[in-house]
Amino acid sequence: MSKRTQKPKNMVRRKNIRKVVRSIMEEAILILLLITVIRALFTFDKYEPYDETKVEMAQPDEDTGFIALSYFGVDRNETKTLISTERLKEHIDALAKSGYVTITQQDILDYYRDGKALPKKSMFLMFEDGRRDTAIFAQKVTEEYNYISTIMTYASKFEEKDAKFLMPDDLLDLEKGTFCELGTNGYRLEYINAFDRYDRFLGRLNTLEYAHVQPYLGRDYNHYLMDYIRDEYGIPRESYGQMKERIDFDYDEIDRIYTEEMGQLPQMYVLMHSNTGMFGENDRVSAVNQARIFDMFDMNFNREGYVLNTRESSLYDLTRMQPQAYWHTNHLLMRIWDDTDQDMAWVDGDIKRKSQWDELNGKAEFQDNAIYLTCEPEAVGTLRLRDSETYKDVIVNTRLTGNKLGVQSVYVRADEQHDSGICVRVENNELYILDNNKEIYHENLDKLTQAESVSVDEDDLAAQIAEKELEVQYAATVDKSKDAAVELAMLNNEDVATVEEGAEEYIEDININDPADRQLHIEVKDDRLSVAVDGYYALQEEQIGSVDAGYIFVLSGWGGNAYSQRNLADDVYDGVFVDFEVTQNTGAEEEAVLYDNKLHGLDWLLWKGGYIWKTVINWFINTF
């Protein structure tokens with residue numbers, strides 16, 4: 001056989017081999033994906049109650065009580081309200097390492113009714129709102145740590161057949177899986193007596209209506225069972241008898257629907273919303289709620305914000321804490337520690353990276369290219385870069401990704417306790433620059449970075465448009481909907497004054513969970529300072545008095561009480577410093593790196609590979 005005829009056959013053979021190898025690799029990846037998805041979605045184990053011989057139990061003469069945590073919901077990826085599966089696992093892992101074991105509803109009843117002893121570190125775990133994605137993603141985490149939880153649902157969702165929420169068959173299957181108990185948030189999630197921030201009366205809002213106008217709501221609104229239904233002047237639109245009939249209807253519906261759909265009413269209730277006078281904003285409303293709750297349920301969580309329950313608490317006035325999606329693990333542990341004074345397994349993260357800093361106050365976690373610095377309640381978290389006392393002419397670059405409400409600071413040329421030197425502080429979306437404790441610059445960051453401004457008139461018009469859209473969609477009659485549509489068209493065509501035209505600028509209140517992401521750049525050389533945020537210079541070659549060499553510090557702190565439509569309060573803050581880097585500032589073309597917390601080489605490749613793999617898994621789960 002000639003070489004001319006042999007060569008094509010070899011090429012064909014090699015091509016066929018490549019096809020086979022590629023097919024095997026594709027099938028292997030697909031199988032690995034399927035295994036990962038199955039493990040992420042399905043439960044195979046059974047819950048094992050805590051063993052009194054293996055955990056430290058409270059002694060007869062001591063009352064360590066139990067903590068209660070309640071998550072709004074869980075998703076693969078973090079949203080403003082739903083915690084990511086990854087972060088939930090970090091929370092649960094730290095709680096397990098801190099020694100917490102979960103208790104059941106019956107354990108709580110026995111603790112109050114019969115004086116049963118509980119483990120010293122007992123935790124009652126809840127997931128509210130009854131979302132389907134919560135059940136899918138949370139149970140895999142709780143299963144791994146042998147944690148039992150209670151999932152709360154709204155009875156009205158059973159009749160609405162909303163695919164986002166768990167149905168009775170789903171709940172019964174979860175209960176059979178043994179890692180889940182059932183409770184209820186009530187009949188409906190609905191709001192009454194609502195005003196927007198321009199004091200326009202909106203009245204009653206269902207969940208969809210609330211979500212549509214939520215960006216424009218004021219603080220003045222209430223949950224459905226908390227008060228009389230009132231008019232725009234605050235005068236009740238219903239008599240006592242009508243109010244009682246309205247509230248009784250919801251409790252009757254809870255009883256009917258759960259009994260018909262699931263065979264029995266859950267014994268545990270969470271009254272919405274929390275932290276009222278008792279069971280309502282009005283004494284007579286509270287009395288109606290109290291009578292029905294005491295009659296129908298064995299226990300009720302009535303408050304939010306404080307985590308610890310003891311024997312002095314009432315079975316019908318229990319308290320829980322709702323961890324937020326943005327809380328890093330030490331944030332959760334810090335809140336629990338503050339309420340209980342119990343030891344915590346604080347999270348350090350990358351020990352090698354952390355060893356380059358002195359942790360003076362608060363708790364720091366080093367994860368990949370980020371430093372999470374959590375302060376103690378109403379205090380300041382402080383890290384000092386080791387061996388940086390001789391740093392004088394330097395350039396500091398970092399991304400600040402902690403929430404807007406809070407304090408993130410960087411010090412250069414500071415003394416050992418940062419009582420002197422240059423301080424660049426971002427506090428509640430304001431930039432402050434201090435030279436030896438003297439303020440030399442202050443500006444709102446949105447103004448500095450030339451963010452698009454909105455006038456009060458423009459914001460007011462946007463609120464009116466959103467509210468009119470509700471009228472179009474939910475009007476009582478077709479004629480009213482048509483009339484609202486005409487008014488909506490007029491609003492959409494209305495011109496109002498802008499800030500550029502001289503109108504007053506609308507300054508939005510900062511919510512406790514508003515995210516932020518700012519690139520900070522600091523240069524000091526001789527007696528000159530330059531500071532830029534997102535590429536916009538606040539100071540450039542400004543003369544300063546802090547000319548001596550000194551330490552590098554990073555600080556985080558509580559930003560004060562926040563505006564929050566969800567009535568959340570939190571006095572702990574996570575400062576987040578990403579890609580923190582310090583270089584010399586000699587004017588050379590390539591400056592020497594003094595400190596670098598970025599990811600490089602293999603670390604970056606592993607991080608990037610993990611990110612891509614997680615993205616693929618998320619796509620696979622969401623698609624199929």
Please confirm whether the backbone N or O of [Y] pairs with a side-chain atom of [X], one donor and one acceptor, at under 3.5 Å?
X    : Y    : answer
D350 : K352 : yes
Q324 : Q322 : yes
E359 : A364 : yes
W346 : A94  : no
N428 : G406 : yes
R425 : V407 : no
N302 : M278 : yes
Y111 : R311 : yes

[atom1] of [X] to [atom2] of [Y]: how many Å apart, nearest 0.5 Å?
X    : Y    : atom1 : atom2 : result
T64  : N309 : OG1   : CG    : 12.0 Å
C375 : K363 : SG    : NZ    : 13.0 Å
F127 : I83  : CZ    : CD1   : 8.5 Å

Less than 4.5 Å apart, any side-chain heavy atom of [X] and any of [Y]?
X    : Y    : result
I151 : Q139 : no
V74  : V141 : no
H418 : L555 : yes
E304 : N275 : yes
Y47  : N146 : yes
I103 : I108 : yes
R113 : L315 : yes
Y112 : S313 : yes

Salt bridge [X]-[Y], side-chain N to carboxylate O under 4.0 Å:
X    : Y    : answer
K598 : D596 : no
K164 : D133 : no
E143 : K140 : yes
D509 : R219 : no
D339 : R335 : no

Name the residue from L405, I510, D514 that meets the side chain to side chain contact (heavy atoms under 4.5 Å, CB included) definition with N429. I510

For the pair F279 and F294, name the ring-plane relationship: parallel under 30°, tilted 30 to 60°, perpendicular over 60°. perpendicular

Parallel under 30°, tilted from 30 to 60°, perpendicular over 60°: which one fits the rings of Y326 and H331? perpendicular

Minimum heavy-atom separation for [X] to [Y], with atom names?
X    : Y    : answer
E128 : S70  : OE2-OG, 2.5 Å
G99  : K121 : O-CB, 3.5 Å
T319 : F301 : O-CE2, 3.6 Å
I257 : A155 : CG2-O, 3.8 Å
G402 : Y573 : C-OH, 3.3 Å

When you look at E90 and Q367, which way does the side-chain contact (heavy atoms from CB on, under 4.5 Å) test go after all the steps? CA-CA 12 Å; E90 292 170 356; Q367 189 179 106; 3.6 Å; yes

Between Y316 and F297, is the ring centre distance below 6.0 Å? no

Distance flag, aromatic centroids of Y71 and W327, threshold under 6.0 Å: no

Assess, by modelled atom type and distance only, whether the side chains of [X] and [Y] contain a donor and an acceptor separated by less than 3.5 Å.
X    : Y    : result
Y258 : T184 : yes
D107 : T104 : yes
D93  : Y145 : yes

Who are the side chain to side chain contact (heavy atoms under 4.5 Å, CB included) partners of Q105, not counting sequence neighbours? F124, T150, E181, Q267, M268, M299

Is the Lys NZ or Arg CZ of R384 less than 6.0 Å from the centre of Y551's six-membered ring, within 45° of the axis? yes

Mind running side-chain contact (heavy atoms from CB on, under 4.5 Å) on V396 and V424 for me, showing each step along the way? CA-CA 11 Å; V396 177; V424 180; over 6 Å; no

Stepwise, does the side-chain contact (heavy atoms from CB on, under 4.5 Å) test hold for R320 with V307? CA-CA 5 Å; R320 69 203 189 279; V307 74; over 6 Å; no

Worked verdict on H328 versus D574 for side-chain hydrogen bond (donor to acceptor under 3.5 Å, both in side chains): CA-CA 7 Å; H328 293 280; D574 299 320; 4.9 Å; no

side-chain contact (heavy atoms from CB on, under 4.5 Å) between L520 and F577: does it pass, once the steps are laid out? CA-CA 10 Å; L520 178 63; F577 304 84; over 6 Å; no

